[in-house]
Amino acid sequence: MNYQPNARGYYGEFGGAYIPEMLYPNVEELQENYLQILGDPEFQREYQKLLRDYVGRPTPLFEAKRLSAKYGTRVFLKREDLCHTGAHKVNNTVGQILMARRLGKTRIIAETGAGQHGVATATVCALMGMECIVYMGKIDMERQRPNVERMRLLGAEVRAAVSGSQTLKDATNEAIRDWISNPVDTHYIIGSVVGPHPYPDLVARLQSVISEEMRKQLHEELGRELPDYVVACVGGGSNAAGAFYHFLDEPSVKLIAVEAAGHGISSGHSAATSVLGKPGIIHGSRTLLMQDEHGQITEPYSLSAGLDYPGIGPLHAFLGTSGRARFISIEDEQALYSVAELSRLEGIIPALETAHALAALPQLGAGPEDVVVVNLSGRGDKDLATYLQFADKLNSYDF
Ligand SMILES: *Cc1c(COP(=O)(O)O)cnc(C)c1O
């Protein structure tokens, strides 16, 4: 099985580039140049240096002994929560802004839902002294006030999308409109392994540093590069793509993708795309997405803002339908339990998204000799308001 996209950006039947004609020049420019730029030693030198000195890589691989004892298997945590800005997203934005500079761009646009990608984009724009405009649904701006203020502090202009449901998909429409109007000087930084080809492949390659480091670190620690399981949460799928990438062609490594089931898969309030989704087109690619019988996108739900997305990247749609990855769905309540558990057992407060990956541990069927790597995509500081709301519950568990 081949897990790389073909020349037109397809993973099996998923992927491609379904875009308005006016966007062809912008997207073609990227399609024609991204592999050559990524392969350029000068680009790599600059990228690797920023990953080391600015992002703080390599991130540690930490053996979680108390969690391991509880679940009867060897659990390692890949500490993406220790990246600058508190999550993996900056691995991608650092790479894309360097690429934008190579292409002669001076202006960056992005769209954001929860605000995490907007913050990671505003961060690298400040670093490079580039103009930064982030589109965000008006309702999301109200819900995610701290991230709006972070972006502004970093010098970005946050523009409210006031059409439709005033959330992520409306922000995406505004960003695309902007890009069509500014094809020459502007680069559009997409934040996950979604969007038209080449974005899913570009973002997966930029995040693949996660699994590249895992292999080295496992070798140093255990004398073997391959774990038995790699577990990651999936919103669009960028941290999972990065964690899986260098294990895709190693069939002995079980890949576990964890989605948000919200209030429950059949509750009507979830984001469990692999179970509820059907093939359709979203954000310029053909993938699995949650839709009604008329093909209208269904509003997703998760307590975790970063997993609240109605689709998954085309790579993950392919990994799921081909059986290479196993998908598990985790409800809000289970994720909250895992937030408290990791905090209490290991002294690490995870992001709510990340807690979904941790909550899958009891379902893996891993034994005492097995090595399980959980990708700890982000830290919980940004979720403190939610944790406060559930403080009684979080403090009521016994460990
Ligand atoms: C954004 C985010 C996610 C979900 O995005 P992916 O592209 O699926 O990785 C997961 N964890 C954290 C901490 C995030 O900020």
Side-chain angles (χ1 to χ4, degrees), residues 59 77-93 96 110-121 123 136 140 144 146-147 150 168 189-195 199-200 202-211 230-245 255-260 271-274 283 285 287-288 300 302-317 319-320 325 327 330 335 338-339 342 348-360 374-384 386-387:
T59 59
L77 306 175
K78 181 60 174 160
R79 300 289 310 275
E80 294 302 295
D81 61 315
L82 295 178
C83 289
H84 178 45
T85 71
H88 66 287
K89 286 198 172 73
V90 71
N91 301 326
N92 168 49
T93 57
Q96 281 203 46
E111 99 276 329
T112 195
Q116 294 300 109
H117 172 58
V119 170
T121 302
T123 298
M136 192 169 184
D140 286 337
Q144 311 288 342
N147 276 339
R150 278 188 189 103
L168 181 63
I189 299 190
I190 290 184
S192 191
V193 285
V194 300
Y199 280 102
L202 168 60
V203 177
R205 285 169 186 261
L206 292 172
Q207 292 289 0
S208 71
V209 62
I210 299 173
S211 47
V230 180
V231 187
C233 65
V234 173
S238 68
N239 87 87
F244 295 169
Y245 197 87
L255 307 177
I256 313 293
V258 186
E259 288 183 314
T273 308
S274 74
H283 295 171
S285 77
T287 188
L288 292 176
S302 166
L303 183 61
S304 144
L307 302 184
D308 189 356
Y309 181 72
I312 47 174
L315 166 64
H316 294 293
L319 294 178
F327 276 73
I330 293 294
S338 291
V339 168
L342 193 73
I348 299 170
I349 303 174
L352 196 45
E353 292 84 1
T354 314
H356 286 72
L358 293 160
V374 180
N375 197 39
L376 216 71
S377 60
R379 58 180 175 240
D381 306 38
K382 70 176 179 61
D383 295 310
L384 214 58
T386 307
Y387 296 166

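Here, residue 1 is the first one in the sequence, and each next residue gets the next number. Each ligand, and each atom within it, is numbered from 1 in the order the structure gives. Values reported hereafter were calculated over all heavy atoms of this structure, with side chains retained and with hydrogens, waters and symmetry mates removed.
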Inset, instruction - State whether the shortest distance between N or O atoms of Glu353 and N or O atoms of ligand 1 falls below 3.5 angstrom. - result: no
Inset, instruction - Report yes if Ala240 has an N/O atom closer than 3.5 Å to an N/O atom of ligand 1; otherwise report no. - result: no
Legend entry - Proximity to ligand 1 by part of Lys89, non-hydrogen separation under 4.0 Å: side chain
Inset, instruction - With heavy atoms of Gly378 as the reference, note each atom of ligand 1 found under 4.0 Å away. - result: 13 (C)
Legend entry - Selection from Ser238, Ala357, Gly306 by shortest heavy-atom distance to atom 6 (P) of ligand 1: Ser238
Legend entry - Reported CG-to-CG distance for the pair Asn92 and Leu202, which is rounded to 0.5 angstrom: 6.5 Å
Legend entry - Any N or O of Ser377 closer than 3.5 Å to N or O of ligand 1: yes
Inset, instruction - Please determine if His88 has a nitrogen or oxygen closer than 3.5 Å to a nitrogen or oxygen of ligand 1. - result: yes
Inset, instruction - Under the side chain to side chain donor-acceptor pair (under 3.5 Å) rule, collect the residues that match up with His88, sequence neighbours excluded. - result: Ser238
Legend entry - Derivation and outcome, side chain to side chain donor-acceptor pair (under 3.5 Å), residues Ser377 and Glu353: CA-CA 8 Å; Ser377 60; Glu353 292 84 1; 5.8 Å; no
Inset, instruction - Measure Val193 to ligand 1 on non-hydrogen atoms and call it side chain, backbone, both or neither using the 4.0 Å cut-off. - result: neither
Inset, instruction - Indicate whether any N or O donor in one side chain lies under 3.5 Å from an N or O acceptor in the other, for Asn375 and Glu80. - result: no
Legend entry - Contact check: Ser192 vs ligand 1, nitrogen or oxygen atoms, below 3.5 angstrom: yes
Inset, instruction - State whether the shortest distance between N or O atoms of Leu307 and N or O atoms of ligand 1 falls below 3.5 angstrom. - result: no
Legend entry - Any residue meeting side chain to side chain donor-acceptor pair (under 3.5 Å) with Asp383, in chain and number order, not counting sequence neighbours: none
Inset, instruction - Give a yes/no on ligand 1: does Gln207 have at least one heavy atom closer than 4.0 angstrom to it? - result: no
Inset, instruction - Could you grab the distance from atom OG1 of Thr85 to atom CZ of Arg150, nearest 0.5 Å is fine? - result: 9.5 Å
Inset, instruction - To the nearest 0.5 angstrom, please state how far the CD atom of Gln207 sits from the OH atom of Tyr245. - result: 12.0 Å
Inset, instruction - Mind checking the CD1-CD spacing from Ile190 to Gln96? Nearest 0.5 Å is all I need. - result: 7.5 Å
Inset, instruction - For Gly235, counting its heavy atoms only, list the atoms of ligand 1 lying under 4.0 Å from any of them. - result: 8 (O)
